[in-house]
Amino acid sequence: MRMPLLQVRDLRIGFQTEDVVKGISFNLDLGQKLALVGESGSGKSVTALSFVKLLEGARVSGRVLWTAQDAQTLHPQATDAPHTHDLVKLSERELVHIRGQDIAFVFQEPMTALNPLMTAGAQIAEVLEVKRGMRRTAAWREAVELLNLTGIPEPERRASAYPHQLSGGQRQRVLIAMALACRPRLLVADEPTTALDVSLRMQILDLLNDLQKRFGMAVLLITHDLKTVRHFADHVLVMEKGCVVESGEVDVVLRHPKHPYTQRLIDSQPPRDVVAANDHAPVLMQAKALRVSYPIRRAGWRGWLGGDKFIAVRGADFELRAGQTLGVIGESGSGKTTLALAALGLLPFEGGLHINGQSWQGKASQDLPLRRQVQVVFQDPFSSLSPRMNVQELVSEGLTLHAPNLDGLGRLRRILVTLAAVGLTETEFPGLLQRYPHEFSGGQRQRLAIARALVIEPAILVLDEPTSALDATTQLQVLQLLQKLQRECGL
């Protein structure tokens with residue numbers, strides 16, 4: 001019998017005095033699609049990151065046995081036994097040959113995983129040059145082809161774009177193309193479809209499924225989305241507070257869950273609970289014929305004669321009243337986030353846009369009063385939260401600017417009340433105010449971002465995919481929180 005590709009035995013991971021993964025064990029075979037499921041903070045991501053020592057300051061014990069398998073060892077008549085390494089014991093130099101080549105990652109937050117100073121194509125080509133020894137021209141052609149495989153429209157043009165010029169879904173597909181560049185034996189996909197709309201989510205999962213079959217690789221899917229698990233995975237491991245509480249085939253576990261925690265995950269579907277809109281409430285934000293465009297430089301000598309424009313938003317009209325919720329939906333790249341950034345005064349626009357009768361002036365001093373009225377929670381919390389500021393500094397920054405009359409005690413009280421409202425307390429997170437963003441899970445960082453926006457008590461909250469990074473139970477908590485605040489404050 002062929003050895004499993006990956007054998008995890010009594011894996012334990014801790015930070016300082018707290019253990020976040022508590023002795024888990026499982027096997028992963030070549031060609032298998034295994035889903036690791038659990039709530040935010042259950043230990044899913046740190047488990048995968050520990051395989052190739054991407055956890056700074058962590059205590060890792062146990063065994064992670066990697067059995068190198070190539071085309072020869074897959075042949076039924078192969079006589080050479082594949083060599084097995086304990087990844088926990090390998091040095092940084094030894095892991096260089098495994099990272100990205102044998103084990104590749106698709107990370108949850110593409111904006112922080114991509115280099116903002118390099119184009120999408122250059123970043124993919126760099127992997128091909130370093131890991132596969134390809135020449136620059138051939139690597140660029142392969143990069144464009146990989147982008148085409150992931151379904152990005154106009155791959156040649158997108159290859160020349162920088163990350164900030166791509167939508168969230170397009171950035172995620174660039175990461176997938178980078179991960180697949182070296183045809184890895186194990187692809188670790190950490191929430192790979194979080195940033196994508198429903199139709200693209202299915203396309204990406206189908207793409208990964210097709211590539212997994214074509215190259216025979218194993219896929220470890222880390223997700224909180226049970227629909228994704230049903231559509232993609234063969235087997236599932238359910239994690240709660242660092243422990244595996246249930247495992248087995250997907251159909252068996254999801255149809256007949258035995259553990260109460262698994263049952264709770266399956267039943268955690270947010271109900272619709274929307275306050276009825278008041279047609280007589282004052283209009284807080286109004287847009288008429290709103291248009292946003294980006295300059296595009298022409299290729300070759302024509303670029304010296306002037307550029308073209310890419311129109312991202314064409315003549316949008318809308319009204320938003322006090323206490324009302326307006327949903328903006330559409331596929332990735334349809335202009336949703338661009339519309340939101342224009343409404344926030346963060347992008348130049350044409351047409352009319354008024355907030356309480358006032359318009360953005362494009363000058364910091366003149367726009368400051370409007371900034372307090374309109375706050376935002378971005379899709380990617382890790383890139384919107386400064387890694388050099390702790391929780392207290394992050395949440396108090398807005399108060400320092402918009403509520404300078406608050407004394408130190410009043411500011412601290414406001415911070416703690418707001419953090420508790422989004423489910424972050426000292427009881428659950430000792431030393432909460434002195435922690436930094438990287439010490440939280442993706443879902444916890446999003447709650448921190450929401451607290452940062454709510455602390456100055458805005459009238460309008462702009463939410464750009466605010467729950468896409470959250471598991472079902474945390475989504476429910478956040479939506480209930482937002483509904484409560486809307487009812488109480490007319491948000």
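Worth knowing before you read on, the calculation uses all heavy atoms, side chains too, and leaves out hydrogens, waters and symmetry mates.
The ring-ring contact (aromatic ring centres under 6.0 Å, His included) search around H85 returns H83, not counting sequence neighbours. Residues forming a ring-ring contact (aromatic ring centres under 6.0 Å, His included) with F440 (at least two apart in sequence, or on another chain): F429. Every residue two or more places apart in sequence or in another chain that forms a salt bridge (charged side-chain N to carboxylate O under 4.0 Å, His left out) with K484 is listed here: E488. By the side chain to side chain contact (heavy atoms under 4.5 Å, CB included) test, E428 pairs with T425, sequence neighbours left out. Residues passing the ring-ring contact (aromatic ring centres under 6.0 Å, His included) test with Y261: none are found, sequence neighbours excluded. A search for salt bridge (charged side-chain N to carboxylate O under 4.0 Å, His left out) contacts involving D225 returns R201, not counting sequence neighbours. By the salt bridge (charged side-chain N to carboxylate O under 4.0 Å, His left out) test, R59 is found to be paired with D19, residues two or more places apart in sequence or in another chain being considered. Applying the salt bridge (charged side-chain N to carboxylate O under 4.0 Å, His left out) criterion to R314, with sequence neighbours excluded, gives no partner residue. Every residue meeting the side chain to side chain contact (heavy atoms under 4.5 Å, CB included) condition with E397, not counting sequence neighbours, appears here in chain and number order: M389, R452.
C182 places a side-chain heavy atom less than 4.5 Å from the side chain of V127. At least one side-chain heavy atom of L419 sits less than 4.5 Å from a side-chain heavy atom of L433. You'll find the side chain of T338 reaches within 4.5 Å of the side chain of L347, heavy atoms only. Side-chain contact between F26 and L34 is present, with at least one heavy-atom pair separated by less than 4.5 Å. The shortest side-chain heavy-atom distance between L448 and V395 falls under the 4.5 Å cut-off. Looking at M239 and T47, their side chains come closer than 4.5 Å, going by heavy atoms from C-beta outward. Side-chain atoms of K22 and C243, non-hydrogen and from C-beta on, do get closer than 4.5 Å to each other. Residues L211 and L180 meet the side-chain proximity criterion, which asks for heavy atoms closer than 4.5 Å.
A48 and I222 make their closest contact through CB-CD1, 3.5 Å (heavy atoms, listed as atom of the first residue, atom of the second, distance). Of all non-hydrogen atoms in L394 and S386, the two that sit nearest each other are CD2-N, 3.7 Å. Closest heavy-atom contact between T262 and E246: OG1-OE1, 2.9 Å. The two residues A233 and A35 come nearest to each other via the heavy atoms CB-CB, 3.7 Å. Contact record, G335 with V313: O-CG2, 3.8 Å, taken as the closest heavy-atom pair. Scanning both residues, V21 and G43, for their nearest heavy atoms gives CG2-O, 3.8 Å.
Within 6.0 Å of CZ in R264 there are more than 12 heavy atoms belonging to other residues, nucleotides or ligands. Within 6.0 Å of CZ on R255 lie no more than 12 heavy atoms contributed by other residues, nucleotides or ligands. In K241, the NZ atom is not crowded: 12 or fewer heavy atoms of neighbouring residues, nucleotides or ligands sit closer than 6.0 Å. For R63, the CZ atom counts as loosely surrounded, since its 6.0 Å shell holds 12 or fewer non-hydrogen atoms of other residues, nucleotides or ligands.
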Given the rule in the side-chain hydrogen bond (donor to acceptor under 3.5 Å, both in side chains) test, do D206 and H231 qualify, once you have shown the distances and angles that lead to the verdict? CA-CA 9 Å; D206 290 340; H231 184 81; 2.9 Å; yes

Is there a side-chain hydrogen bond (donor to acceptor under 3.5 Å, both in side chains) between H224 and E191 once you walk through the steps? CA-CA 8 Å; H224 59 256; E191 301 283 5; 2.8 Å; yes

Chi angles and distances behind the side chain to side chain contact (heavy atoms under 4.5 Å, CB included) call for I13, L55: CA-CA 9 Å; I13 305 170; L55 294 174; 3.9 Å; yes

Full working for side chain to side chain contact (heavy atoms under 4.5 Å, CB included) between V174 and I152: CA-CA 8 Å; V174 171; I152 284 187; 4.0 Å; yes

Kindly indicate, with the supporting measurements, whether the criterion side chain to side chain contact (heavy atoms under 4.5 Å, CB included) is fulfilled by V376 and L341. CA-CA 9 Å; V376 62; L341 293 176; over 6 Å; no

Taking it one step at a time, do L30 and L186 satisfy side chain to side chain contact (heavy atoms under 4.5 Å, CB included)? CA-CA 8 Å; L30 196 62; L186 171 59; over 6 Å; no

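At distances below 3.5 Å, at least one donor-acceptor pair connects side-chain atoms of R171 with backbone N or O atoms of P163. Side-chain atoms of R132 come within 3.5 Å of backbone atoms of A181 as a donor-acceptor pair (strictly under, hydrogens ignored). For R173 (side chain) and G151 (main-chain N/O), a donor-acceptor pair under 3.5 Å exists by modelled atom type.
Annotation: the span from K131 atom NZ to M134 atom CE amounts to 15.5 Å, rounded to 0.5 Å. Between the CZ atom of R185 and the CG atom of L28 there is a distance of 13.0 Å, given to the nearest 0.5 Å. If you take CG on D190 and NZ on K44, they are separated by 7.5 Å, rounding to the nearest 0.5 Å. Once rounded to the nearest 0.5 Å, the distance linking NZ of K33 with CG of L208 reads 9.5 Å. How far CG of L65 is from OG1 of T84: 6.5 Å, rounded to the nearest 0.5 Å. Rounding to the nearest 0.5 Å gives a distance of 5.5 Å between CG of L265 and CD of E39.
Pairs of residues two or more places apart, or lying in two chains, that qualify as ring-ring contact (aromatic ring centres under 6.0 Å, His included) and include a residue from residues 99-156 are F105-F107. A side-chain hydrogen bond (donor to acceptor under 3.5 Å, both in side chains) check over residues 141-156, counting only residues at least two apart or in different chains, returns the pairs E154-R157. The stretch residues 88-102 participates, sequence neighbours left out, in these side-chain hydrogen bond (donor to acceptor under 3.5 Å, both in side chains) pairs: S91-E94, E92-R99.
The closest side-chain donor-acceptor pair between H235 and Q32 falls under 3.5 angstrom. In the model, S25 has no side-chain atom that pairs as donor or acceptor with a side-chain atom of D10 under 3.5 Å. Between S42 and E240, the side chains place no donor N or O within less than 3.5 Å of an acceptor N or O (distance only, hydrogens not considered). Side-chain atoms of S160 and T119 include no donor-acceptor pair closer than 3.5 Å.
Using cut-offs of 30° and 60° on the angle between ring planes, the pair F310 and Y294 is parallel.
The side-chain hydrogen bond (donor to acceptor under 3.5 Å, both in side chains) with N390 is formed by just one residue from the set R435, Q434, E439; it is Q434.
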